[in-house]
Amino acid sequence: MAELLEGPIPVERLLAEATRPDCGAVTLFLGTTRDRHEGRKVVRLHYEAYRPMAIAALEKIEADTVGSFAVASCRIVHRLGEVPPAEASVAVVVAAAHRAAAFDACRWAMNEIKSTAPIWKKELYEDGSGGWIEGAKLE
Amino acid sequence: MAELLEGPIPVERLLAEATRPDCGAVTLFLGTTRDRHEGRKVVRLHYEAYRPMAIAALEKIEADTVGSFAVASCRIVHRLGEVPPAEASVAVVVAAAHRAAAFDACRWAMNEIKSTAPIWKKELYEDGSGGWIEGAKLE
Amino acid sequence: MKVRVLFFAQARESAGSASIELVLPESSRVADALAALARDYPALESLWPHLAVALNGRLVPRGADLTEGAELALLPPVSGG
Amino acid sequence: MKVRVLFFAQARESAGSASIELVLPESSRVADALAALARDYPALESLWPHLAVALNGRLVPRGADLTEGAELALLPPVSGG
């Protein structure tokens, strides 16, 4: 049940939903906006997505994560629109019986998001200009 | 600045404090109480610590994590006393410029906590009995 | 036949549009649509080698058949996260 | 000389006490304190091979010198997290 949303990611709710009495480990990854990139000051990021395909891609990652690792759940939420510095653009939450699988799965899911979800990031600079981030060609 | 506390870990505050405009990645690990262990139903866990030495051990892990990995911060909070199922006994939060180091550092810090902090865990069972968890001898 | 074409990110900015309707001969394939778009949107030229193409939300090869009312999306290299 | 002895976890339960004062001859070492504790607390016997010992909050070898008023802690295998 992946989500794309505009506005802050409800991390506390995601953690509360992930925590289960049959699991001993929860891992959370947050990708946050950095205020510098390659020497330039970044005022904010702008994200856009091909929404139905992005939701399908994120839900496939959630399912593949649960299918490939010894984890009980994986939830992905990606923010769209403008994301100011220090705010999260993406959250991945994994719950597992044990921590090793929780770490492995969370890291793998995050890598998959970067390479398979039709989502694009543009940096916006102080002078009003912007630049799309060079990403990964979908295959 | 490690913390030992009784009662729920303030995860939202820890995440807010960790998030920084010069960092693009935050990892959080939560260790939570499982309601089963080796076939027995666990009603709750009880944690105790040699407090001053545990604080020193956790603060050393925080400092070693920042010293050994490309991360900007590491914060550890461990709960003491009784922890019911699905509640967190320990939180590790790491902020870094990039995600690989954030994952590596968070995992390493958690392993260190398990092997170097003078903290003890007892499982309490339905019939009122309990058992201390076989742990790691301090060295 | 008509297909809906969606442009994203750099492709949207270069095309100057997020979505257009494209009219093609019957039995056209994805490659035919791309050829028409290359002609109508010369600003996309430098992007073509980097674009993936989705038909109704799935990545497809250039030889895939189009269907009436299909949604064809031009997808620059992705950079979510 | 007097030292404060702290028992944790299984050691606390086996000793039936969290903290005691131990009186020892002058110039005693950690090993002397442990020998006295082994005599006074036979219930600790099975734990001894597994215990680490801290003096004033730092792990020490059994040959370390005790000082007046020192805090000696018996630490079973740890299981935090």
Side-chain angles (χ1 to χ4, degrees), chain A residues 2-4 9 29-34 37 45-61 76-81 83 88-92 106-124 129-139, chain C residues 2-22 29-31 33-35 37-38 41-81:
Chain A
E3 288 176 67
L4 296 172
I9 295 175
F29 177 82
L30 294 178
T32 56
T33 297
R34 292 178 69 195
H37 186 227
L45 297 178
H46 165 85
Y47 285 90
E48 69 181 70
Y50 182 16
R51 286 176 176 261
M53 193 178 171
I55 284 285
L58 298 180
E59 294 191 337
K60 180 175 190 307
I61 296 167
I76 300 169
V77 177
H78 204 299
R79 183 170 172 179
L80 299 178
V83 185
S89 53
V90 64
V92 180
C106 192
R107 183 193 293 245
W108 183 85
M110 193 57 221
N111 289 348
E112 288 292 296
I113 292 167
K114 297 222 169 223
S115 60
T116 71
I119 301 174
W120 298 273
K121 169 165 47 192
K122 186 181 192 175
E123 291 179 344
L124 301 169
S129 69
W132 293 96
I133 299 302
E134 299 247 341
K137 185 169 178 178
L138 286 178
E139 282 170 34
Chain C
K2 288 180 185 171
V3 298
R4 168 69 45 190
V5 180
L6 306 180
F7 302 96
F8 290 97
Q10 303 97 306
R12 175 177 53 73
E13 290 187 350
S14 296
S17 183
S19 166
I20 61 153
E21 198 174 70
L22 188 65
R29 298 186 173 193
V30 168
L34 301 186
L37 292 166
Y41 297 92
L44 289 174
E45 185 178 358
S46 66
L47 265 178
W48 283 114
H50 308 291
L51 293 178
V53 179
L55 185 64
N56 295 325
R58 290 174 181 273
L59 294 177
V60 289
R62 312 267 155 142
D65 292 323
L66 293 173
T67 53
E68 177 65 29
E71 185 173 275
L72 190 70
L74 300 194
L75 310 173
V78 299
S79 53

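Letters A, B, ... are given to chains in the order of the sequence lines, protein chains preceding strands, and every chain is numbered from 1. No experiment lies behind these values; they were computed from the predicted model shown.
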Using a 4.5 Å cut-off on heavy atoms from C-beta on, say whether the side chain of C:Leu44 contacts that of C:Leu74.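 When only atoms from C-beta onward are counted, C:Leu44 and C:Leu74 do touch, with a gap below 4.5 Å.
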State, with a plain yes or no, whether a side-chain heavy atom of A:Pro118 is found less than 4.5 Å away from one of C:Phe8.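 A:Pro118 does not reach C:Phe8 side chain to side chain.
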To check you understand the geometry: which heavy-atom pair defines the closest contact between [X] and [Y], and what is its length?
| X | Y | answer |
| --- | --- | --- |
| A:Leu58 | A:Ala2 | CB-CB, 3.5 Å |
| C:Ser79 | A:Gly135 | CB-CA, 4.3 Å |
| A:Ala54 | A:Leu4 | CB-CD1, 4.0 Å |

Check each atom of [X] against the heavy atoms of chain C and say whether the ones under 4.5 Å are side chain, backbone, both or neither.
| X | answer |
| --- | --- |
| A:Ala117 | backbone |
| A:Tyr50 | both |
| A:Thr32 | neither |
| A:Lys114 | both |
| A:Ala57 | neither |

When rounded to the nearest 0.5 angstrom, what distance separates CZ in A:Arg51 from NE2 in A:His78? 11.5 Å
Identify which part of [X] has an atom lying under 4.5 Å from any heavy atom of chain A, answering side chain, backbone, both or neither.
| X | answer |
| --- | --- |
| C:Leu75 | both |
| C:Ala9 | both |
| C:Pro49 | backbone |

